Number of protein chains: 2
Amino acid sequence: MIKSPVEADNNRNNSALIVVGELKQDILNGYFQPGEKLKMTRLKERYQVGVSPLREALSQLLIEQLVVVENQRGFKVHPVSREEMLDIYATRAEIEALCIGLAIEKGDDEWEAGIMAAAHKMRKFGDLVEKDPQEWERRHQAFHTSIAIGCDSPTLMQVRRSLYEKASRYRNLWLNKNMAESTVFDANQKEHESLIEALLERASINARELIREHLLSPSRALETSQGLTTLDR
Amino acid sequence: MIKSPVEADNNRNNSALIVVGELKQDILNGYFQPGEKLKMTRLKERYQVGVSPLREALSQLLIEQLVVVENQRGFKVHPVSREEMLDIYATRAEIEALCIGLAIEKGDDEWEAGIMAAAHKMRKFGDLVEKDPQEWERRHQAFHTSIAIGCDSPTLMQVRRSLYEKASRYRNLWLNKNMAESTVFDANQKEHESLIEALLERASINARELIREHLLSPSRALETSQGLTTLDR
DNA sequence: ATATGATAAAATGTCGACATTATTGCTCTG
DNA sequence: CAGAGCAATAATGTCGACATTTTATCATAT
């Protein structure tokens, strides 16, 4: 018997995995505030599942450091701090530079072609940034991933992904508006073009320095932004 | 009322966290074979807990990639492969080199002192390697950690720790005997001394190359070792 | 004899219930 | 009126039970 799409979706994965995705999104985009207590009754209502799948999902986010747990006191959203933000962004910049260094060593024609394709999709969407920032972020991220994937290391790519998610939490919390500022955006686009140039020339040192700057500039912006004051409480 | 140590231990953390530690050890040291199915009935007997804490623990190991899950078919120990081993070791070497590069930039006197202390403890145990390999591995790891911690980045240190654990699984599976070979061991010790020298001189490039070699040599040994044949099935 | 299909057995994933622990609110005292 | 102590309330963590799905067994037919 063929099942409806919804049923099929519920059967392909178990409840916990579905909840992991939704809960992660809710934390990353700020629906649940940093430090907020995650009461089981509320979570049950929101995701329409029992406690068992919820605790499984929370256990996974626990390792990813998106929630914290205290015995007999339940789960909380992982708190944010300026220190952690700077550390995550700095680490992410180093990891991305590492990926790029390895990719320049190992990358072949297919790698270059993938970058060109992703860059094209990103450029095409340049004018619609303000209309659909989420779609632009997707293409932006796809572009950077197309570069990093040349390192040809699943392990390293996974580290990179985890750091991206943690960083996107800070980005979503404070940077939404700043990202749309056209001056910042235009500078970003130029950095992308310079990066592509360096990659095709296989200028490793240059490319690595470019990516470091590219990834650290948001954290510098955040450091002086309004949101920071709310962090120091 | 004061509780007995055992009870106190059971109350400080919930069951799931305790099981995480034990289960992780059982997987890392090979009590549960790669690819082996983890039946709930057996796990319940072994750890004396119900399914709920077990599923929580397994969910955490799922993110750490020590187990895999298939819907309605339960959990399995994450399988091993030569490719994954090489990838983990290579990534680990790069991450460790990154830590050391940053540590050389940022490290202060306290950092140097910590290295000297850890190195001393490791040297003192040099003759007892064959007697208590586990204790030596502890001191060896403490030595390397004392170096890496100079990078002053909790995020990066956590990435490093996760990779160490994954690698130690392969090490435990095949390398136990090889590690005790005195020729390999003596070469290892000399590498440590060279590394310390380079660190104190703040010779970044040199130190980073040394650590890469130091961490990649085991994977090269594993590649040609007996265990590999069992991998390709 | 091999393959196929139905039946039985086992295992998973989820929920509600229960005991334990933390938190809140209230009373009583100084 | 403030603060400590105690009762009541709420929330967590764990277990056993149930429905669903997978796996194993076995008879039957080609």
Side-chain angles (χ1 to χ4, degrees), chain A residues 1-23 26-27 32-33 35-63 66-79, chain B residues 1-23 26-27 32-33 35-63 66-79:
Chain A
M1 174 190 172
I2 295 175
K3 298 178 180 165
S4 77
V6 167
E7 281 176 344
D9 202 48
N10 280 340
N11 287 344
R12 246 195 294 278
N13 298 317
N14 58 8
S15 308
L17 276 184
I18 299 171
V19 173
V20 165
E22 301 181 14
L23 190 48
D26 284 339
I27 292 175
F32 290 117
Q33 293 291 315
E36 182 177 347
K37 191 165 194 311
L38 294 168
K39 291 215 188 92
M40 283 298 173
T41 55
R42 188 171 169 207
L43 298 178
K44 274 170 67 173
E45 282 179 15
R46 181 165 175 81
Y47 304 112
Q48 293 294 312
V49 294
V51 290
S52 313
L54 279 175
R55 290 188 64 88
E56 285 182 39
L58 289 165
S59 292
Q60 297 187 35
L61 301 183
L62 185 67
I63 298 296
L66 293 178
V67 303
V68 294
V69 64
E70 209 169 344
N71 193 24
Q72 297 290 3
R73 272 176 233 182
F75 294 86
K76 286 191 317 185
V77 179
H78 195 288
Chain B
M1 174 188 176
I2 295 175
K3 298 176 179 165
S4 77
V6 167
E7 281 176 345
D9 202 48
N10 280 340
N11 288 344
R12 246 195 294 280
N13 297 318
N14 58 8
S15 311
L17 277 183
I18 299 171
V19 173
V20 165
E22 301 181 12
L23 190 48
D26 283 340
I27 292 175
F32 290 117
Q33 292 291 314
E36 182 176 347
K37 192 166 195 309
L38 294 168
K39 291 215 188 90
M40 283 298 173
T41 55
R42 190 173 167 203
L43 298 179
K44 274 170 65 175
E45 282 179 15
R46 181 165 176 83
Y47 304 113
Q48 293 293 313
V49 294
V51 291
S52 311
L54 278 175
R55 289 186 66 87
E56 286 183 37
L58 288 165
S59 292
Q60 298 189 34
L61 299 183
L62 186 67
I63 298 298
L66 292 179
V67 304
V68 294
V69 64
E70 211 168 343
N71 192 24
Q72 297 290 4
R73 272 176 233 182
F75 294 86
K76 286 190 315 184
V77 180
H78 196 289

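Note that the structure is predicted; figures quoted are calculated from it, not measured. We name chains A, B, ... by the order of the sequence lines, and we start the count at 1 in each one.
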To the nearest 0.5 Å, how far apart are [atom1] in [X] and [atom2] in [Y]?
X     : Y     : atom1 : atom2 : value
B:K37 : B:F75 : NZ    : CZ    : 10.0 Å
B:L54 : B:L23 : CG    : CG    : 8.0 Å
A:R46 : A:E22 : CZ    : CD    : 8.0 Å
A:L43 : A:D26 : CG    : CG    : 9.5 Å

Is any side-chain N or O of [X] closer than 4.0 Å to OP1 or OP2 of [N]?
X     : N      : result
A:R55 : D:dG13 : yes
B:S52 : D:dC15 : no
A:R73 : D:dT12 : no

Starting from [atom2] on [N], measure out to [atom1] on [X] and report it in whole angstrom.
X     : N      : atom1 : atom2 : value
A:L54 : C:dG13 : CG    : C1'   : 14 Å
A:E70 : D:dG13 : CD    : P     : 10 Å
B:E45 : C:dA11 : CD    : P     : 11 Å
A:L62 : D:dT12 : CG    : C1'   : 15 Å
A:I18 : C:dG13 : CD1   : P     : 13 Å
A:E56 : D:dG13 : CD    : C1'   : 14 Å
A:Q72 : C:dA19 : CD    : P     : 15 Å
A:N71 : D:dG13 : CG    : C1'   : 8 Å

- request: Report the C-alpha separation of B:E56 and B:V49 in whole Å, then their side-chain angles, then the decisive distance to 0.1 Å, and conclude whether the side chain to side chain contact (heavy atoms under 4.5 Å, CB included) test is met.
  value: CA-CA 12 Å; B:E56 286 183 37; B:V49 294; over 6 Å; no
Evaluation steps, side chain to side chain contact (heavy atoms under 4.5 Å, CB included), between B:K44 and B:V51: CA-CA 7 Å; B:K44 274 170 65 175; B:V51 291; 3.9 Å; yes
Minimum heavy-atom distance B:L38-B:V67, with the two atoms named: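 Nearest heavy atoms, B:L38 then B:V67: CD1-CG1, 3.9 Å.
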task: For DNA chain C, find the residues of residues 36-43 of chain B with a heavy-atom distance under 4.0 Å and give them by number; none if there aren't any.
output: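 Correct list: B:K37, B:L38, B:K39, B:M40.
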